[in-house]
Amino acid sequence: MFKRKSENKRSEDKKPHSLNVDDLKKELETAIGDCSDLNFRTINKNGKKIVYCFLSSLIDKTSFDEFLLSPVQQSTQNEWTTESLAQILPIAELSVANQLKEVVSSLIEGKSYIYIDGEPYGILANVGSTVERSLEKAETESLVYGPKISFTESLIGNLNIIRSNLKDPQLCMEDITIGKRVKTPGKLVYVKDIADEENVNTFRQRVTDLEYDYIPDTTVLGQLIEDNSWTIFPQIMSTELPDRVTLSLMRGRVAVLMDRSPSAIYGPTPFLSFFESTEDVYMRWNMGFFLRMLRIISIFLSVLLTPAYVAVLTYHYEVIPSALLISLGQSRANVPFPPVLEAILLEFVIELLREAGARLPTKVGQTMGIVGGIVIGQAAVQAGFTSNILIIIIALSALGSFTSPSYLMGTAIRMVRFPIIILAGIWGGIGIMFSFCFILVHLLRLTTIGRPYLTPIYPFRWKDLGYSIIKFPTQYLSYRPLTNRPVDKQLFPKHKGVEKKDVDE
Amino acid sequence: MKINVQPKEGLLVNAFLVMFFIHSVQTGVGIVGLPRIVYIAAKHDAWISVFLGGLFSAFVLAMIVLMLKKYESADLYGIQVDVFGKWLGNALNVFYMMYMTISFFVILMNYIEIIQVWIFPEMPTWQISLALILLTIYAVNGGIRIIVGVAFMSVLGTLWMVFILVVPMQYADPKNLLPLLNTDLKHIINGVYKTSLSLMGFELLMFLYPYVKDKKKIFMYTQIANLYTTVFFTAVTMVCITFFAENGLARTIWPVLSMFKIVRLPNLERFEFIAVSFWMLVILPNMCAYLWAASKGFNRIINWKQKKGIWIIGILVWGGSFFIKARYQMNELSDFVAHLGFLSAFCYPVLLSMLVLVKKWFLRRKKSSAEAS
Amino acid sequence: MQKLPKCNLILWTICLMTMILCAGCIQQKPLEKLGLITTSGYDLAGKNKIKGTAVVQKFDPMTRAATKVITSYAKTTKGLRQQENLQSNQKLVSGQLRSVTYSRELAKKGIIQLVDTLNRDAAIGNMVYLTIADQTASEIMQIENRNKGNLNLGTYMYNLIKQNVEGEQVISPTLHEFNHNYYDIGRDPVLPILKVKGKDVIISGVGLFQEDRLVDELKQGDLFYLKILVDKYKAGTKEMGFKTEQLKKLILKNENYTRKPIFSKIYVTVDNIRSKTKIKLVNKKNLHFRVDVKLDSRVLEMTQALDLGKPASVKFLQKKFDQQMKKKVEELLLRFKELGIDPVGLGNEYEAHLRGKTITKEEWDRVYKDVTFDVHVKNTIERTGVID
């Protein structure tokens with residue numbers, strides 16, 4: 001009938017509150033304090049005092065009046081005990097409590113505490129209302145193809161979306177509390193017989209072991225539980241698209257959602273999964289393959305082009321073919337800076353433009369973008385401030401780095417370019433190669449939730465290549481990616497995918 | 001000291017990756033100068049010498065694997081202590097550690113010399129050696145999994161260079177290879193001996209063995225790796241012989257890089273700049289593997305932390321880089337390491353494996369006679 | 001989240017300090033501050049002295065690409081470079097060197113001492129073109145001045161030779177090929193000869209070398225046969241002349257036209273020639289070589305209409321071609337033998353059969369005088385165009 005709350009017991013004093021209504025009111029006022037909107041409503045029924053305690057900013061006034069006050073006022077019971085009170089209240093979530101601390105924390109959560117004078121327990125009724133927005137299109141991640149709704153700030157709403165997407169009885173949503181002082185409710189979501197036990201345990205243990213005051217968002221939570229915070233490469237993916245979460249859940253990953261946070265984090269995410277967009281899944285395999293290749297190549301080139309320009313023009317003039325020689329030389333002849341400074345200056349200007357464009361109100365943003373991009377670039381070349389070939393190269397690299405589907409990874413790529421440019425300016429081609437080797441060793445050393453970062457390339461699982469770099473036609477992908485060590489490996493029976501009929505059969 | 005090393009489950013490496021490790025450790029700086037060295041010894045039948053050298057190293061690899069299989073999961077340090085006893089075994093261990101440190105040093109200095117000749121004549125040696133040593137230390141600190149990963153990525157990343165061999169073949173003159181088998185056996189054997197410096201590196205298998213997951217498949221994978229290396233080296237030598245004139249090959253110090261000079265991509269005139277830069281990726285696994293194996297000795301013999309050993313060897317090597325300035329000094333050192341390497345990597349493991357086989361057979365006889373009686 | 005391990009911290013500090021200290025240790029070569037030598041010429045200037053003329057391309061914001069010609073005197077090429085630097089406002093580098101010209105006089109004495117530095121220098125590529133000037137190299141370089149710096153001589157010469165090599169008119173004269181032929185005992189190099197014509201430079205023939213000394217010259221007509229022997233054709237062209245009586249059988253008799261021919265001989269041009277030559281050592285003791293030339297071609301032009309409709313007449317024409325080519329080839333090979341040069345590579349073929357012992361250059365020179373050849377040419381006329 002009623003559920004006893006079990007989780008929030010701390011080992012501080014287990015003192016029940018006083019059994020007298022007036023003393024109870026005083027105790028609550030001392031505990032929560034004068035600076036809150038604590039309110040009381042007392043009803044006298046059959047000689048017994050029933051007190052309703054609630055925080056008026058958190059409750060839904062209509063449901064409070066209709067479901068808590070009016071049944072009691074209209075009831076004709078004689079005996080007023082906690083059990084009989086629980087029988088007449090038309091509320092779905094009812095629980096009992098008598099510890100002062102528990103009552104206080106439940107009041108803060110939006111519950112209302114109903115106490116009958118002299119009874120051993122009181123009732124906690126959930127009539128909280130949360131302010132939330134309706135389902136909208138995703139803002140930071142945009143898709144051309146596929147479902148477009150995004151998560152909102154309400155945990156219940158988000159869980160609703162996930163459950164509707166994945167009607168799987170094995171979908172497990174565990175309660176976890178996030179934060180020490182401010183205990184935000186969260187959910188650990190995974191599919192029980194697909195996700196690896198070890199992954200789930202690691203997530204659970206890391207989140208519950210956190211001793212942090214207040215965690216505002218799941219992205220902050222991601223930063224706190226990831227393996228290596230000194231690197232620029234993200235190790236946990238955060239997204240606000242529900243279909244991404246459901247896709248990864250079905251592949252064996254574990255997700256964490258938090259109340260008041262419109263994004264979910266999931267892991268373990270190897271390096272190449274940051275370059276996957278859900279469009280690759282929704283489109284046919286050849287187009288998905290082409291788009292993924294385009295993305296990877298453009299990101300690779302965007303990292304490489306500017307440092308190559310710097311290295312060639314500073315140290316290795318012999319490499320330039322004779323057709324380009326004159327135009328390169330002439331365009332550089334006007335510029336007073338060495339190529340390193342020129343490149344860093346222009347990269348800095350592009351980052352400036354991007355950052356400013358993100359902060360401007362939308363009405364002004366478009367104009368400033370055009371002004372900044374075209375006019376400044378043109379004027380800079382004509383003034384002899386920079387060379388036009390470098391502007392083309394920098395614009396191409398900026399475009400290339402924006403093709404990354406994950407904003408975190410895109411920023412990481414942009415930041416990685418700066419040290420490579422500096423190294424190219426110091427040591428030329430050797431510097432570029434040195435930084436490449438360094439990034440390679442660094443990526444090899446990274447782990448995401450304990451799993452190697454560069455799967456499926458290293459350790460080499462050739463079966464998973466069909467999911468990450470190349471995209472196989474669906475009939476060949478009859479198993480889940482092995483990198484997440486799923487327990488249930490098969491998606492569909494393999495022979496049905498490749499059955500072939502003979503001619504004219 | 002424990003003879004067997006039982007590393008944790010999470011540190012083990014797949015046997016499949018051992019193939020890449022062996023191939024990448026064998027391909028290092030040796031290959032750039034290989035055709036010339038063998039040509040001076042064996043003339044235009046040099047490719048036969050290279051091929052025979054590869055077969056010889058396959059034989060030595062087989063003996064090494066046989067020896068390692070006799071133990072449950074031991075590396076060279078453990079085996080030497082087991083066979084020779086504590087004091088002699090540890091002395092040999094220290095000697096092997098020094099040999100590997102010198103190999104690491106020679107690879108590093110060879111590469112720096114190539115950079116100084118081909119791209120940056122003014123670059124001070126100590127700068128680039130410091131950077132490369134620090135990079136190696138960073139990689140080795142990550143453990144054997146990272147080193148095998150570096151080897152894997154290095155083989156993948158430089159696979160495209162194999163196809164560049166097609167370009168010199170257009171200028172090749174196959175008549176340079178005839179008449180076949182014109183040189184006498186003595187010169188061919190001399191050529192095989194000279195090839196050994198370039199084919200070295202597989203002795204690191206003796207240190208990798210405890211960390212491999214399914215030890216049964218090691219034999220097959222190492223033989224495949226060695227075969228691939230042999231075929232590749234032979235092909236490169238053949239192309240070099242046909243590409244250069246007779247006396248031209250004897251004068252070109254780094255024939256492979258000189259062959260790269262004629263490659264012309266649409267956007268890049270002089271390909272050898274890119275090739276020399278890419279060579280860093282080729283030698284990185286070599287350096288990491290040698291440093292790792294050498295510093296493991298600190299852990300096994302003296303029970304120090306391996307990280308301390310890594311730093312000690314790194315600083316020693318960096319200090320050594322100040323002393324080599326001229327080409328002839330480098331030549332002498334390389335020759336010395338070649339002789340040392342031939343003994344340590346080719347002859348000694350065969351000897352050791354025979355001793356191990358004898359000892360195990362002896363022990364088995366003793367045990368069975370003890371059981372019978 | 002974890003603290004940075006201490007050894008990694010040390011690593012990063014050292015790395016960072018190295019980077020800061022290293023900046024500026026390597027000499028920078030920014031493109032716009034360099035004077036790129038695109039082509040240079042060398043002449044003999046008295047005893048133990050050479051005169052060098054370099055065409056330098058500079059990048060000047062004021063004008064369009066400017067070129068300059070610098071002359072200097074020294075004893076070695078690197079000595080020349082120092083003198084040239086004294087006359088230039090930008091640092092001179094030779095990484096973009098595309099072609100080198102040696103004067104005829106210098107070539108007659110031997111050019112290997114100057115080619116050697118091109119080999120040693122890592123900055124100079126292997127595909128530099130080597131050429132010989134008809135008279136002096138400096139007059140060829142001075143064409144740049146005559147064209148008021150508009151010609152960009154380096155690129156012009158490079159394209160001139162490259163286009164002709166691709167068009168199969170000239171044997172490829174790269175540094176690499178020269179090296180290969182020079183160091184080979186059984187082969188001698190061949191380089192093109194350039195001449196000044198008005199304000200332009202043209203290729204006027206091909207120089208035959210004995211090791212590194214210029215010995216003889218071939219004009220365009222004989223060059224065809226040399227290329228057939230040395231290399232193969234993929235789409236060559238050849239103009240062949242015959243006396244009218246030789247081809248009288250084929251002349252098309254058409255009573256409707258009474259036209260008198262303009263030329264006194266009949267010339268036929270074949271093109272799209274694909275050729276293959278096999279030189280084999282038939283008899284080792286007598287040094288008898290057998291040369292087999294196979295050609296596939298099509299007839300595209302004739303100065304007098306010939307009737308090629310019947311197979312018999314085509315065969316007849318082919319036989320005439322064969323005879324004439326065989327004669328020319330034999331003449332050429334004999335000429336080479338008398339001069340003691342071997343651009344064809346007979347020495348290589350001989351060495352390929354030499355088992356057990358090696359041969360030195362002097363021995364081969366002696367032995368070469370006794371070689372004999374046997375030439376067979378086989379022509380196949382595949383097509384005759386769109387009309388018969």
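- With a 4.5 angstrom heavy-atom cutoff, B/Ser258 touches chain C only via backbone atoms.
- For NZ of C/Lys278, the number of neighbouring non-hydrogen atoms (other residues, nucleotides, ligands) closer than 6.0 Å is 12 at most.
- Proximity to chain C is limited to the backbone of B/Phe244, based on heavy atoms less than 4.5 angstrom apart.
- Annotation: C/Gln113, atom CD; neighbour count of heavy atoms from other residues, nucleotides and ligands within 6.0 Å does not exceed 12.
- When heavy atoms are compared at a cutoff of 4.5 Å, B/Phe273 does not approach chain C at all.
- Interatomic distance, CZ of B/Arg251 versus CG of C/Asp116, reported as 5.5 Å (0.5 Å rounding).
- A donor-acceptor distance shorter than 3.5 angstrom exists from the side chain of B/Arg270 to the backbone of C/Ala123, with no hydrogens or angles considered.
- At a heavy-atom cut-off of under 4.5 Å, chain B is reached by C/His176, C/Glu177, C/Asn179, C/His180, C/Tyr183, C/Asp184 from residues 174-184 of chain C, listed in order of number.
- Under the side-chain contact (heavy atoms from CB on, under 4.5 Å) criterion, B/Ile37 pairs with B/Lys194, sequence neighbours left out.
- In this structure, no portion of B/Ile128 lies under 4.5 Å from any heavy atom of chain C.
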| request: Might you work through the side chain to side chain contact (heavy atoms under 4.5 Å, CB included) test for C/Ile124 and B/Lys261, ending with a clear yes or no? | output: CA-CA 9 Å; C/Ile124 300 181; B/Lys261 264 185 160 192; 5.8 Å; no
